[in-house]
Amino acid sequence: MYTDTVAGNGGDFIIQGDVCWSAGPHTLEIKPDSFLVCKGGKSAGVFEQLPQQYANLPLSCYRGRLVIPGLVDLHTHAPQFVYRGLGMDMELLDWLTSHAFPEEVKYHDLAYAGKAYHFFVEHLKHGPNTRILVYATIHVPATLLLMNMLEESGLVSMVGKINMDRNCPDGLREESAAASLSATREWLEAYAARQDRYVNTKPILTPRFIPSCSDDLLRGLGAMRHELKLPVQSHLSENRKEVEWVRKLYPASEGYGAVYREFDLLGSAPPQEAAPTVMAHCVWSDEREINLLAERRVFAAHCPQSNANLASGIAPVRRLLNAGVPVGLGSDVAGGTNCSIFRAMSDAIQVSKLRRTVLNVDEKPLSLEESFYLGTAGGGAFFGKAGMGYSGSFEPGADFDALVINDNTLAAPFNLSIRDRLEQAINIYDNHHIEAKYVRGRLIS
Ligand code: GUN
Ligand code: FE
């Protein structure tokens with residue numbers, strides 16, 4: 001039970017419970033009935049016995065509860081939240097035309113955007129994700145409004161005003177590459193002018209995907225990311241028809257990822273590391289594309305629920321990991337129906353088993369430990385690379401993003417290990433299991 005109203009209000013404090021986090025991609029660190037110390041919004045470590053130096057800090061006692069890092073959503077679409085669950089009998093390109101695009105047109109109307117984004121942000125506040133990478137729409141005022149609302153919520157986010165100037169309906173198609181680039185600058189200038197109010201919210205460049213951006217627009221964004229040192233998010237090799245479309249648009253290129261590379265929108269090779277890039281999906285990335293992602297340190301956002309809903313396929317996560325690509329999980333709402341990254345963890349394991357059975361490939365399915373890692377530290381590393389502090393771990397120095405999960409309602413007539421309680425919490429998760437949620441040391445719900 002939360003017992004101290006001071007603890008978690010941004011100061012230094014301690015929480016006590018059954019603490020569990022990823023020590024690495026394959027290993028859980030488990031500390032029963034231990035003390036997790038927060039100093040200045042960061043973890044100062046987990047202790048079985050409380051060190052004397054912390055004895056005077058306020059303590060919130062959550063004995064018997066699971067205490068785990070906040071979850072990280074590396075790919076979602078804020079304006080698609082309110083119609084999630086619709087059009088789920090369609091494939092990607094038809095669904096974009098019939099559902100995503102007509103809905104996003106409405107965000108020209110700031111009052112509509114305010115109502116819809118309110119539902120999105122409120123839902124997220126009470127869910128398990130503490131950090132998100134999010135697409136807004138092409139509209140500058142609505143994107144700024146979303147940033148304000150996310151900042152207010154206490155969540156950590158990177159938000160993108162979308163760029164798109166071809167192959168989309170009137171009302172969503174920016175007039176030209178120049179108009180799209182100039183609207184992007186207007187958005188970034190408005191953000192910079194009020195930067196003091198944004199502690200947890202940062203911009204990220206967001207070309208929607210290759211088919212919706214002209215060469216001039218892609219080139220301009222490639223230059224802008226270096227000039228302004230901005231991270232980039234986009235979609236890559238999601239669905240067969242989309243991949244075929246890109247092949248037709250760029251027959252001379254080696255592949256979809258190579259097109260981003262040609263416009264300098266695909267990560268960077270060390271030692272000149274630029275702000276990071278994340279590509280959602282990578283379902284149809286072949287060996288050459290996977291190696292390109294690894295070479296250029298591009299993060300892959302694995303979105304298993306969306307890939308199933310839109311019949312995109314099953315991403316080759318084991319191959320991405322073996323090649324050294326940094327991987328996190330994404331909800332991809334509203335391709336995905338659920339915002340919770342617990343759901344993505346559960347789905348990631350499920351589809352990795354299906355991949356082996358259905359495709360008859362010799363790839364080891366994901367373990368619970370691996371999937372938990374992807375949804376916490378795996379995605380949390382992106383924020384670290386983007387200069388926002390890393391999360392997903394309780395090692396000293398990590399941002400203090402923590403969830404207190406009350407799993408007593410899952411009780412059975414036997415005692416489970418902490419590892420097995422975590423597995424049940426992931427697979428049978430429901431928002432009402434969250435007893436407390438801390439982001440950067442602040443109690444936000
Ligand atoms: N590719 C381009 N736009 C989108 C989108 O809104 N959702 C998904 N899942 N894929 C996309
Ligand atoms: Fe998406």
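Along the sequence shown, the residues carry numbers beginning at 1. For ligands, and for the atoms within them, numbers begin at 1 and follow the listed sequence.
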Legend entry - Closest approach of any protein heavy atom to atom 3 (N) of ligand 1, naming residue and atom: Arg208 NE, 2.8 Å
Inset, instruction - Tell me, please, if Cys303 has any N/O/S atom, main chain or side chain, under 2.8 Å from the Fe ion (ligand 2)? - result: no
Inset, instruction - Using a 4.0 Å heavy-atom threshold (strictly under), name the region of Glu238 that reaches ligand 1: side chain, backbone, both or neither. - result: side chain
Inset, instruction - Mind listing the closest non-hydrogen atom pair of Val351 and Ile314 along with its distance? - result: O-CG2, 3.4 Å
Inset, instruction - Please confirm whether Gln80 comes within less than 3.5 Å of ligand 1 when only nitrogen or oxygen atoms on both sides are compared. - result: yes
Inset, instruction - Please verify whether a non-hydrogen atom of Glu242 lies at under 4.0 Å from ligand 1. - result: no
Inset, instruction - Identify whether the distance between the nearest side-chain nitrogen and carboxylate oxygen of Arg319 and Glu363 falls below 4.0 Å. - result: yes
Inset, instruction - May I ask you to say whether Arg219 pairs ionically with Asp264, meaning some side-chain N is under 4.0 Å from a carboxylate O? - result: no
Inset, instruction - Would you mind checking which non-hydrogen protein atom is closest to atom 9 (N) of ligand 1, with the distance to 0.1 Å? - result: Asp332 OD2, 2.7 Å
Legend entry - Which of the ligand 1 atoms, numbered from 1, are nearer than 4.0 Å to a heavy atom of His77: 5 (C), 6 (O), 7 (N)
Inset, instruction - For the Fe ion (ligand 2), decide whether His235 has an N, O or S atom at a distance under 2.8 Å. - result: yes
Inset, instruction - Just let me know how Trp95 lines up against ligand 1, side chain, backbone, both or neither, with a heavy-atom cut-off below 4.0 Å. - result: side chain
Inset, instruction - Measure from the side-chain N and O atoms of Ser346 to the backbone N and O of Phe342, and report whether any donor-acceptor pair falls under 3.5 Å. - result: no
Inset, instruction - Number the atoms of ligand 1 from 1 as they appear, then name those within less than 4.0 Å of a heavy atom of Leu92, with their elements. - result: 8 (C), 9 (N), 10 (N), 11 (C)
Legend entry - Pair Asp109 + Lys106: basic N to acidic O under 4.0 Å: no
Inset, instruction - Nearest 0.5 Å please: distance from the CG atom of Leu145 over to the NE2 atom of His118. - result: 11.5 Å
Legend entry - Non-hydrogen atom of Tyr135 closer than 4.0 Å to ligand 1: no
Legend entry - SB check Asp18 Arg421 (cutoff 4.0 Å): yes
Inset, instruction - Starting from atom 11 (C) of ligand 1, find the nearest protein heavy-atom neighbour and note its residue, name and distance. - result: His235 NE2, 3.4 Å
Inset, instruction - Calculate the angle formed at the Fe ion (ligand 2) by NE2 in His75 and NE2 in His77; 10° precision is enough. - result: 100°
Legend entry - Test: Glu104 and Arg208 ion pair at under 4.0 Å: yes
Inset, instruction - Taking both backbone and side-chain atoms into account, decide whether Asp332 has an N/O/S atom under 2.8 Å from the Fe ion (ligand 2). - result: yes
Inset, instruction - Could you tell me whether Glu227 and Arg185 have a side-chain N and a carboxylate O separated by less than 4.0 Å? - result: yes
